[in-house]
Asker: 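Got a structure for you, written out below as structure tokens; questions coming shortly.
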2 protein chains.
Amino acid sequence: MDGIHKPADQLFENSKQTASARIFNELLQAILSGQLIPGSKINEAELAARHGCSRGPLREALQRLEGLHLILREAHVGARVVSLSDQQLTELYQIREVLEGLACRLAAQHMTERAKDELRRLLDTHRRYLEDGGHQKYYPQSGDLDFHYLLIRSSQNALLLRQLGDELYPLLQLYRRQFRDSGYQQPQLAFKEHLHIAEAIIEGDGELAEILMRKHIARARKRLKHILTT
Amino acid sequence: MDGIHKPADQLFENSKQTASARIFNELLQAILSGQLIPGSKINEAELAARHGCSRGPLREALQRLEGLHLILREAHVGARVVSLSDQQLTELYQIREVLEGLACRLAAQHMTERAKDELRRLLDTHRRYLEDGGHQKYYPQSGDLDFHYLLIRSSQNALLLRQLGDELYPLLQLYRRQFRDSGYQQPQLAFKEHLHIAEAIIEGDGELAEILMRKHIARARKRLKHILTT
DNA sequence: CAAGCCAATATTGTTGACAATCTACTGTAT
DNA sequence: ATACAGTAGATTGTCAACAATATTGGCTTG
């Protein structure tokens with residue numbers, strides 16, 4: 001019979017996405033990539049035209065972005081991309097500190113052997129990264145995020161994964177771009193801390209893993225604060 | 001001249017609210033009050049008619065509710081009120097535990113004398129509540145929330161206030177209704193724990209306050225788990 | 001010249017109609 | 001009787017026009 005096989009691109013979910021969902025993803029990327037700059041005003045008609053849909057779906061996408069605190073809206077006035085203060089960055093790190101600490105504690109309780117192997121491989125990759133190239137500045141941001149992400153996923157707490165991955169991390173990414181924070185400036189030290197955290201988790205010591213992760217993030221926060229105040 | 005004086009209800013801000021914002025609040029209340037029952041399907045046309053607006057603003061309100069994880073939507077299928085599992089309730093308490101712990105630590109650092117007085121007065125009110133009426137079941141839910149809310153507000157962390165107050169607490173309220181958890185079953189014990197937490201905060205001992213709050217919530221979680229599994 | 005009002009314009013909020021998709025029902029063949 | 005295909009109905013997604021509100025610029029007045 002005809003019509004059984006679908007076009008190739010319809011095998012991927014993004015082809016059947018609604019306009020609202022598609023434009024949301026496009027705007028999200030635009031914000032996180034810096035294409036839409038913090039503080040700039042958003043014109044609904046113009047944006048809708050640029051993304052090839054009417055204002056209805058665009059407004060639904062804006063509503064979603066507002067829920068993620070990536071834009072601010074005021075009735076009858078309009079929306080603008082958030083522009084974040086030092087204070088808010090500190091607040092974000094404080095929350096991240098306790099939530100990722102929780103993730104570590106839970107990961108230590110729940111991590112499977114398979115996930116532990118994945119963790120070991122990831123750290124080996126990072127180690128080679130630091131040994132091979134002497135260019136320490138290129139400590140992989142995504143790789144680092146992979147470390148944190150792996151632990152969060154291993155926590156077996158779906159709500160926590162959503163809170164951190166879907167809500168806090170995009171904000172963090174935006175902050176980093178806005179403050180031109182390219183990531184770790186002492187990659188060897190960071191890697192060492194990662195090693196200790198991983199060790200605690202693999203041994204199943206959740207309380208230690210939580211403490212270490214909290215100190216790890218608190219240190220990054222203090223470093224950031226120091227940079228911002230000077 | 002005629003028409004200067006507006007009807008009384010227009011003196012309040014909700015009169016100038018957009019239809020989208022108004023319907024969002026109405027739906028939020030409907031969900032939290034149990035008027036819209038968990039798992040039930042939402043019909044856009046019907047709901048819009050019932051709340052006196054068209055589907056546009058209604059859909060924006062639904063998008064916002066979805067961001068709070070109070071409803072689930074599927075493209076071309078529709079939205080339904082979330083129905084939550086024991087597992088998710090546990091996850092929620094785990095997150096609440098560390099976030100409110102953080103709130104206590106920060107509150108101990110930042111609380112003003114004025115806020116400390118407010119805290120003392122609140123606890124006095126609770127004490128009288130327990131002493132006067134022998135009906136210990138009536139430990140005020142809102143009053144308890146007031147205790148936690150006061151601490152969260154005192155943390156001076158706006159993002160934390162948003163995460164807990166706007167996102168986690170509505171979910172918690174929904175859970176409580178769904179599982180018919182009417183609140184503390186050992187109000188004297190809870191009050192005693194509140195006293196200790198408050199004492200640590202007033203003394204400025206953030207670390208102790210954090211530990212006590214975490215234990216306080218962890219205890220509630222374990223009690224809940226025990227009830228659910230029996 | 002500054003401050004404040006007023007109209008013209010631009011932008012956001014809302015609506016009802018139309019298109020796309022899913023759901024439920026009926027009829028048919030095995 | 002059951003399983004399946006097809007169709008009619010219901011529901012969601014999208015659009016373009018209209019209403020309500022804010023912003024801009026010019027004008028008047030002190």
Side-chain angles (χ1 to χ4, degrees), chain A residues 1-7 9-28 36-37 39-67 70-82, chain B residues 1 3-4 6-7 9-28 36-37 39-67 70-82:
Chain A
M1 270 178 101
D2 270 357
I4 290 180
H5 299 290
K6 299 178 180 179
D9 65 318
Q10 285 201 14
L11 296 176
F12 301 92
E13 49 186 339
N14 54 3
S15 66
K16 278 218 170 182
Q17 264 182 343
T18 67
S20 174
R22 177 178 55 79
I23 203 175
F24 167 78
N25 284 315
E26 291 174 5
L27 289 180
L28 180 62
L36 287 176
I37 42 186
S40 65
K41 187 154 186 310
I42 285 172
N43 184 312
E44 292 185 1
E46 179 196 337
L47 255 194
R50 190 204 310 280
H51 290 263
C53 74
S54 71
R55 283 175 53 224
L58 173 82
R59 283 173 62 88
E60 292 185 10
L62 289 182
Q63 201 91 37
R64 234 174 122 186
L65 289 170
E66 188 186 17
L70 290 174
I71 67 171
L72 290 174
R73 298 180 87 190
E74 200 177 343
H76 300 286
V77 173
R80 31 184 83 249
V81 182
V82 292
Chain B
M1 271 176 96
I4 289 182
K6 301 177 179 179
D9 63 319
Q10 285 200 16
L11 296 176
F12 300 92
E13 50 184 341
N14 54 5
S15 65
K16 277 217 169 186
Q17 266 181 342
T18 66
S20 173
R22 177 177 54 80
I23 202 174
F24 167 78
N25 283 315
E26 290 174 6
L27 288 180
L28 180 62
L36 287 175
I37 42 187
S40 66
K41 186 153 185 313
I42 286 172
N43 184 312
E44 293 185 1
E46 180 195 337
L47 255 194
R50 190 204 308 280
H51 290 263
C53 74
S54 70
R55 282 175 53 226
L58 173 83
R59 284 174 60 87
E60 291 185 10
L62 290 181
Q63 201 89 38
R64 231 174 124 187
L65 289 170
E66 189 187 17
L70 290 174
I71 67 171
L72 291 174
R73 297 180 88 189
E74 200 176 344
H76 301 285
V77 174
R80 31 183 84 249
V81 182
V82 292

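Owing to the predicted nature of the structure, the values given are computational and were not obtained by experimental measurement. By convention in this document, chain letters (A, B, ...) are assigned in the order of the sequence lines, proteins followed by strands, and residues within each chain are numbered from 1.
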Asker: Quick one: which of D:dT11, D:dT21, C:dT14 gets closest to the side chain of B:Asn43?
Answerer: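 Selected nucleotide (nearest to the side chain): D:dT11.
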
Asker: If the cut-off is 4.0 Å, is A:Arg73 near the phosphate of C:dG13, judged by side-chain N/O to OP1 or OP2?
Answerer: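 A:Arg73 to C:dG13 OP1/OP2: side-chain N or O found under 4.0 Å.
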
Asker: Does any N or O donor sit under 3.5 Å from an N or O acceptor when you compare the side chain of B:Arg55 with the base of D:dG13?
Answerer: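 Indeed there is one.
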
Asker: Nearest whole Å is fine: how far is D:dT12 C1' from B:Glu60 CD?
Answerer: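 Checked: the CD to C1' distance equals 16 Å.
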
Asker: Among C:dT21, C:dT14, D:dC15, which is the nearest nucleotide to the side chain of B:Thr18?
Answerer: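 Of C:dT21, C:dT14, D:dC15, C:dT14 is nearest to the side chain of B:Thr18.
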
Asker: Can you tell me how far P of D:dA22 sits from NE2 of A:His76, to the nearest Å?
Answerer: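 These atoms are roughly 6 Å apart.
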
Asker: Please find the pair of heavy atoms, one from B:Ala19 and one from B:Cys53, that lie closest to each other, and give the distance.
Answerer: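 The answer is CB-CB, 4.5 Å.
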
Asker: With the threshold set at 4.0 Å, does a side-chain nitrogen-carboxylate oxygen contact exist between B:Glu60 and A:Arg55?
Answerer: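 Result for this pair is no, no salt bridge flagged.
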
Asker: To the nearest angstrom, how far is A:Leu58 atom CG from C:dT12 atom C1'?
Answerer: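 Those two atoms, CG and C1', are 12 Å apart.
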
Asker: Check if the side chain of A:Arg59 and the base of C:dG13 share a donor-acceptor pair of N or O atoms closer than 3.5 Å.
Answerer: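 It does not, because no donor-acceptor pair links the side chain of A:Arg59 to the base of C:dG13 below 3.5 Å.
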
Asker: Taking only the side-chain nitrogens and oxygens of A:Lys41, find out if one of them lies under 4.0 Å from OP1 or OP2 of D:dA22.
Answerer: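 Indeed not, no polar side-chain atom of A:Lys41 lies that close.
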
Asker: Any ion pair linking A:Glu74 and A:Lys41 (charged N to carboxylate O, less than 4.0 Å)?
Answerer: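 No salt bridge links A:Lys41 with A:Glu74.
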
Asker: Rounded to the nearest Å, what distance is computed from the NE2 atom of residue A:His51 to the P atom of nucleotide D:dT14?
Answerer: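 So the NE2-P distance, A:His51 to D:dT14, works out to 15 Å.
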
Asker: Would you indicate which nucleotide in C:dT15, C:dC22, D:dA22 comes nearest to any side-chain atom of A:Val77?
Answerer: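 The answer is D:dA22, which lies nearest to the side chain.
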
Asker: Once you apply a heavy-atom cut-off of 4.0 Å, does A:Gly56 come out as touching a base, just sugar-phosphate, or nothing?
Answerer: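 Here A:Gly56 touches no strand at all.
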
Asker: As a quick check of understanding, evaluate salt bridge (charged side-chain N to carboxylate O under 4.0 Å, His left out) for B:Arg50 and B:Glu44, giving each step before the final call.
Answerer: CA-CA 10 Å; B:Arg50 190 204 308 280; B:Glu44 293 185 1; over 6 Å; no

Asker: As a test of understanding, state which of A:Ile71, A:Leu70, A:Leu65, A:Ile42 forms a side-chain contact (heavy atoms from CB on, under 4.5 Å) with A:Leu27.
Answerer: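 Running side-chain contact (heavy atoms from CB on, under 4.5 Å) over A:Ile71, A:Leu70, A:Leu65, A:Ile42 with A:Leu27 returns exactly one hit, A:Leu65.
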
Asker: Between C1' on C:dC22 and CD on B:Glu74, what's the gap in Å once rounded to a whole number?
Answerer: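 Atom CD in B:Glu74 sits about 10 Å away from atom C1' in C:dC22.
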
Asker: Rounded off to whole Å, could you give me the CD-to-C1' distance for the B:Glu46 and D:dT12 pair?
Answerer: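 Atom CD in B:Glu46 sits about 15 Å away from atom C1' in D:dT12.
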
Asker: Without decimals, in angstroms, what is the distance between B:Glu44 CD and C:dC22 P?
Answerer: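 My rounded result for the distance is 15 Å.
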
Asker: What's the CD1-C1' distance between B:Ile42 and D:dA10, to the nearest Å?
Answerer: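 Result: 17 Å.
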
